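The next block holds one structure in the form of structure tokens; read it before the comments.
Atoms considered below: every heavy atom in the structure, side chains included; atoms not considered: hydrogens, waters and symmetry mates. Note that the structure is a prediction, hence the values are computed from the model and not measured. Read the numbers this way: they start at 1 and go in the same order the structure lists the ligands and their atoms.
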Amino acid sequence: MAIDRVDAYLDAHRGDFEEQLKALLRIPSISAQPDHDADTRRAAEFLLDDFRAMGIGSAGLIETKGHPLVYAESLNAPGRPTVLVYGHYDVQPPEPLEPWTSPPFEPTVVGGNIIARGSTDDKGQMFTHLKAAEGWLKAGGGLPVNVKYLIEGEEEVGGANLEAYVKANREKLACDYAVISDTSQFAPGIPAITYGLKGLAYFELIVKGAKTDLHSGMFGGTVANPLNALSSILASLKGADNRIAIDGFYDPVRPLEAWERAEFARLPFSEEEFREQTGAPSLEGEVGYTTLERRWARPTCDVNGIYGGYQGPGPKTVLPWTAGAKLSFRLVPDQDPKRVAAQFRAHVAKVTPPGVTVEVIEHHGAPAVLVGVDSPGVRAASRAIEAGFGTPPVFMREGGSIPVVGLLKDNLGVDTLLLGWGQNDDNLHGPNEKFSLADYHRGIKASAHLLAELAKEEVSKSGGA
Ligand code: BES
Ligand code: ZN
């Protein structure tokens with residue numbers, strides 16, 4: 001059978017696949033840092049070369065106002081479904097560098113894990129789909145379904161150019177199934193299909209008082225201090241019960257259903273192990289909810305950074321003239337990021353003390369997503385995961401956000417299969433980001449089987465072949 005030849009090819013090329021991933025990880029494609037624009041493009045070109053080397057029908061770079069998109073397709077399976085695979089080749093900045101045990105762009109294998117920025121988010125996970133396609137093209141007699149690959153370079157900076165591209169190219173991207181590997185498994189040995197992601201509403205507050213920094217003895221207590229004012233605004237966002245204290249914020253929040261709470265509770269999750277993983281002295285969150293419920297299904301609010309005042313060594317008695325903070329809300333289904341922005345602005349206006357002005361800047365936003373768990377695509381994906389990982393997946397939600405999922409739903413009408421090969425302790429966005437090489441190879445195998453399993457399912461009317 002073709003799939004057996006593909007599996008044999010994947011087994012025989014494990015070493016090559018690891019070397020190729022390392023080469024990709026050596027490219028510092030940090031989309032947020034203009035100094036790395038040339039590197040970011042180099043990562044796109046690396047993928048383009050890989051698509052060409054596997055002999056896929058057509059592949060090219062699509063220029064945008066920012067970093068290019070990589071697009072490749074093979075539409076040689078008439079009457080079969082069309083699968084759109086999305087991934088991202090850009091990575092988060094590696095800073096701060098001190099905690100890294102090896103340089104972030106020198107991939108290093110320790111204990112079966114590959115340590116490098118982007119190893120799990122998302123180069124390693126995304127690349128499994130390219131290697132699976134290579135297996136079919138080189139050993140399986142061609143791809144068993146029609147495929148479209150769309151790999152972007154601006155996911156970590158909000159993906160505005162991708163949004164414009166998808167909206168303008170609905171026909172070209174039309175598909176029966178969308179697939180993304182950019183999430184985690186439930187735990188080692190427990191692969192998962194993720195059916196829910198949180199949304200995001202990200203803001204910056206800029207508080208201004210006097211026209212210049214002042215001596216805190218001569219002027220302290222006579223004019224408002226922007227840092228003090230900012231602190232009181234931030235402190236007002238949550239109550240002692242860890243609930244968000246913004247009027248109307250919870251109104252649209254869909255309550256957790258009894259079946260879902262029961263399903264979460266059935267998963268083998270230890271609060272104590274989770275606490276240990278974080279290193280925090282205790283777990284804290286909204287009253288009345290378990291840790292999994294808080295992570296996956298309840299909205300949250302976190303200050304991401306505060307600036308202002310004297311930050312150098314030793315004391316400096318200064319009354320700063322300005323201060324700022326970046327903060328984000330993770331949203332759950334039925335919360336609208338625009339409505340949250342309006343509620344947040346109204347709240348800030350209400351609680352800002354006299355003597356300062358406050359500017360609210362809206363950074364990126366995305367709605368939460370919930371995808372169906374009872375569909376032919378999910379059943380095919382479950383079989384593929386069982387083939388790759390040796391055990392069927394559990395169903396779970398995640399606290400992270402992948403804005404493209406909502407974009408694909410709204411523009412192409414498809415639910416995305418979120419098939420994550422990462423682990424919860426991969427430390428994405430943090431130091432020593434890692435990805436298990438065993439999971440890399442299992443993910444490649446599952447991705448290859450996914451195409452065979454989807455080929456068995458019926459084609460809907462939206463097929464792009
Ligand atoms: N791969 C993550 C999303 C993710 C993280 C899913 C953890 C599940 C668990 C993705 O690359 C990411 O980091 N997304 C951003 C959102 C974006 C708008 C900056 C995030 O969640 O912070
Ligand atoms: Zn990612």
Does any N or O atom in D121 lie less than 3.5 angstrom from one in ligand 1, N or O only? yes

Can you tell which of R295, E155, R397, R330 gets a heavy atom nearest to atom 22 (O) of ligand 1? R330

Go through ligand 1 atom by atom and flag the ones less than 4.0 Å from a non-hydrogen atom of E156. 11 (O), 12 (C), 13 (O)

T194 side chain to A192 main-chain N or O, any donor-acceptor pair under 3.5 Å? no

Below 4.0 angstrom, N of the basic side chain to O of the carboxylate: do E286 and R243 qualify? yes

Taking 4.0 angstrom as the limit and counting only heavy atoms of E398, give me the atoms of ligand 1 inside it, by number and element. 8 (C), 9 (C)

The atom of H88 among N, O or S that is nearest the Zn ion (ligand 2) is NE2

In ligand 1, the atoms that come under 4.0 Å of a heavy atom of L200 are 18 (C)

Of all the heavy atoms in T194, does at least one lie under 4.0 Å from an atom in ligand 1? no

Would Q423 and D439 count as having a side-chain donor-acceptor pair, cut-off 3.5 Å? yes

Ion pair check, R345 and E362, cut-off under 4.0 Å: yes

Filtering G420, A366, G422, G400 for the heavy atom nearest atom 7 (C) of ligand 1 leaves G400

Does the pair E386/R383 count as a salt bridge with the N-to-O cut at 4.0 Å? no

Angle between ring planes, F17 versus H13, binned at 30° and 60°: parallel, tilted or perpendicular? parallel

Does H429 come within less than 4.0 angstrom of ligand 1, counting non-hydrogen atoms of the residue? yes

If you draw a 6.0 Å radius around CG in D374, do more than 12 non-hydrogen atoms from other residues or ligands fall strictly inside? no

Ligand 1 versus L428: contacting region, heavy-atom distance under 4.0 Å: side chain

Tell me, please, if E155 has any N/O/S atom, main chain or side chain, under 2.8 Å from the Zn ion (ligand 2)? no

For ligand 1, which is the ligand I care about here, please tell me if H88 has any N or O atom under 3.5 Å from one of the ligand's N or O atoms. yes

Quick test of your reading of the structure: of P403, S401, A32, whose heavy atom lies closest to atom 15 (C) of ligand 1? S401

Less than 6.0 angstrom separating the ring centers of F46 and Y89, yes or no? no

Which protein heavy atom lies closest to atom 1 (N) of ligand 1, and at what distance to 0.1 Å? D182 OD1, 2.8 Å

Any salt bridge linking D302 with R330? Criterion: basic side-chain nitrogen under 4.0 Å from a carboxylate oxygen. no

Within a radius of less than 6.0 Å around NZ of K326, do more than 12 heavy atoms belonging to other residues, nucleotides or ligands occur? no

For the Zn ion (ligand 2), the closest N/O/S atom belonging to D121: OD1

